Amino acid sequence: MSISNYKLQSKVRLHPLVLFQIIDAYERRPKSAKMSVGTLLGRRDKGNDIIEITNSFTVQHKEQQIGEVEQFKLDTQYASEMYELNQITYPQEKIIGWYSTGKSLSRSAAALHAFYSRECGEMQPLHLLVDTTLRSGRLSTRLYCGVAMGVPGGTKGLLFTQLPVLQLDTESDESVALRVMQKYSLQPTKQQGRMLPELVHVVEAIKELEQKLELVLRYINDVLGRKRLPDNSVGRALHDVLTSVPLLDAESFRLMFNSNVRDMLMSITLSTMIKTQMELTEKLSCLPDH
């Protein structure tokens with residue numbers, strides 16, 4: 001097995017959901033466990049040399065220190081069952097590799113590589129290392145793949161080589177959630193952990209959109225008034241944005257917007273009713289029997 005399956009120019013896209021899942025697994029790990037281990041799921045685009053890591057799940061394991069020897073046992077049956085359940089819901093997601101938390105590669109990396117090599121089939125498994133100790137003040141992530149090394153006919157070993165291209169890839173809904181989380185982290189409120197209502201976010205998004213439109217109009221007027229030099233890249237970007245917007249008259253847009261607002265209000269009402277019903281059920285279940 002060689003590194004020929006992965007080109008150094010290959011792009012590896014990591015979805016933020018995976019990082020949140022890893023952090024949650026690390027926080028919920030047993031007291032005796034030093035790290036969290038799990039399976040990485042995603043998609044491979046061989047034609048464009050793009051690998052997407054879109055999902056993950058934790059795999060139970062046991063760590064035991066016997067003298068100077070560190071034993072590591074992975075629940076492979078649990079990993080197989082979880083993958084089969086995930087295939088029912090997301091059949092397009094295949095096993096990409098595994099993740100672990102810690103400052104550096106653990107001694108169990110070789111054993112985990114052997115297991116996930118069988119699970120990944122023809123392709124080499126990727127190893128995502130997440131430093132949850134926040135040594136540098138940030139959540140650092142490193143991506144490795146195993147390379148066989150040694151003398152032909154002699155002793156062989158395994159060398160983990162770091163892949164240089166790893167970038168975060170967010171969908172539209174994920175980017176909205178990340179922006180809200182970033183805003184709350186920079187401007188913490190008095191009531192920690194509480195989010196503003198949905199309509200408040202809609203109003204704030206519209207205000208932000210108005211500010212951006214004013215900025216664009218100011219740039220266009222300055223270019224037309226010969227107050228600043230035009231930028232071809234900005235012009236092409238504006239052209240792409242304007243051509244992507246469907247042509248609607250004011251009345252059609254108003255009807256569509258009001259319809260979406262009504263749908264959102266109905267969803268908020270139903271979710272509030274379900275939450276209230278669950279709270280009542282919980283309180284009734286706690287009442288003593290007479």
Side-chain angles (χ1 to χ4, degrees), residues 11-21 23 42-43 45 48-55 92 137-141 165-275:
K11 294 182 180 179
V12 182
R13 296 175 179 174
L14 177 64
H15 287 237
L17 173 64
V18 178
L19 291 179
F20 286 115
Q21 290 173 336
I23 295 171
R43 298 182 291 269
D45 188 353
N48 297 324
D49 292 330
I50 297 175
I51 304 170
E52 286 190 67
I53 305 175
T54 57
N55 200 356
Q92 73 278 8
R138 60 189 298 270
L139 189 71
S140 62
T141 56
V165 183
L166 176 64
Q167 61 182 14
L168 283 176
D169 185 44
T170 59
E171 302 292 342
S172 57
D173 50 353
E174 291 177 336
S175 60
V176 172
L178 289 175
R179 284 199 299 268
V180 172
M181 295 176 65
Q182 183 181 16
K183 178 181 178 181
Y184 276 84
S185 62
L186 297 176
Q187 301 176 356
T189 58
K190 295 181 180 179
Q191 297 178 341
Q192 293 290 340
R194 298 195 61 180
M195 303 292 289
L196 294 176
E198 286 82 354
L199 288 178
V200 177
H201 290 299
V202 173
V203 173
E204 292 183 351
I206 293 176
K207 290 181 179 179
E208 184 180 355
L209 180 61
E210 289 179 347
Q211 294 176 357
K212 292 180 179 179
L213 288 175
E214 291 178 359
L215 182 63
V216 171
L217 288 175
R218 192 182 307 119
Y219 169 80
I220 294 175
N221 291 330
D222 289 344
V223 172
L224 294 177
R226 300 181 182 276
K227 295 181 181 180
R228 61 186 304 175
L229 295 176
D231 190 336
N232 293 333
S233 60
V234 176
R236 283 191 288 268
L238 290 175
H239 177 268
D240 295 338
V241 170
L242 292 175
T243 53
S244 63
V245 177
L247 296 176
L248 293 175
D249 55 76
E251 183 63 21
S252 300
F253 179 79
R254 185 182 65 82
L255 293 175
M256 182 182 65
F257 181 79
N258 291 336
S259 177
N260 290 333
V261 170
R262 285 194 296 267
D263 293 342
M264 186 180 67
L265 290 175
M266 180 62 69
S267 302
I268 294 173
T269 304
L270 291 175
S271 62
T272 304
M273 292 174 61
I274 294 173
K275 181 179 178 180

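Predicted model, so just to flag it, every value in this text is computed and none were measured. All heavy atoms count here, side chains included; hydrogens, waters and symmetry mates do not.
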Checking side chain to side chain contact (heavy atoms under 4.5 Å, CB included) for the pair Arg13/Ile53: CA distance, chi angles, key distance, verdict? CA-CA 6 Å; Arg13 296 175 179 174; Ile53 305 175; over 6 Å; no
Quick one: pull up [atom1] in [X] and [atom2] in [Y] and give me the separation to the nearest 0.5 Å.
X	Y	atom1	atom2	value
Leu270	Leu265	CG	CG	11.0 Å
Gln21	Asn55	CD	CG	4.5 Å
Leu217	Asp222	CG	CG	10.5 Å

Any sub-3.5 Å donor-acceptor pair from Ser259's side-chain atoms to Leu255's backbone N or O? no
Closest heavy-atom contact between [X] and [Y]?
X	Y	answer
Val234	Tyr219	CG1-CE2, 3.6 Å
Phe257	Ile206	CZ-CD1, 4.5 Å
Ile268	Ser271	O-OG, 2.8 Å
Gly42	Thr54	CA-OG1, 3.5 Å

Residue pairs passing the salt bridge (charged side-chain N to carboxylate O under 4.0 Å, His left out) test where at least one lies in residues 256-265, sequence neighbours excluded: none
Residue pairs fulfilling salt bridge (charged side-chain N to carboxylate O under 4.0 Å, His left out) with at least one residue in residues 212-221, sequence neighbours excluded: Glu208-Lys212
Does Glu251 have any salt bridge (Lys or Arg N to Asp or Glu O under 4.0 Å) partners at least two apart in sequence or in another chain, and if so, which? Arg254
Set of salt bridge (Lys or Arg N to Asp or Glu O under 4.0 Å) partners for Lys227, sequence neighbours left out: none
With sequence neighbours left out, write down each residue that passes side-chain contact (heavy atoms from CB on, under 4.5 Å) with Gln92, or none if nothing qualifies. Arg43, Tyr90
Which residues pass the side-chain contact (heavy atoms from CB on, under 4.5 Å) test with Ser267, sequence neighbours left out? none
Answer yes or no: does atom CG of Leu209 have more than 12 heavy-atom neighbours from other residues, nucleotides or ligands under 6.0 Å? yes
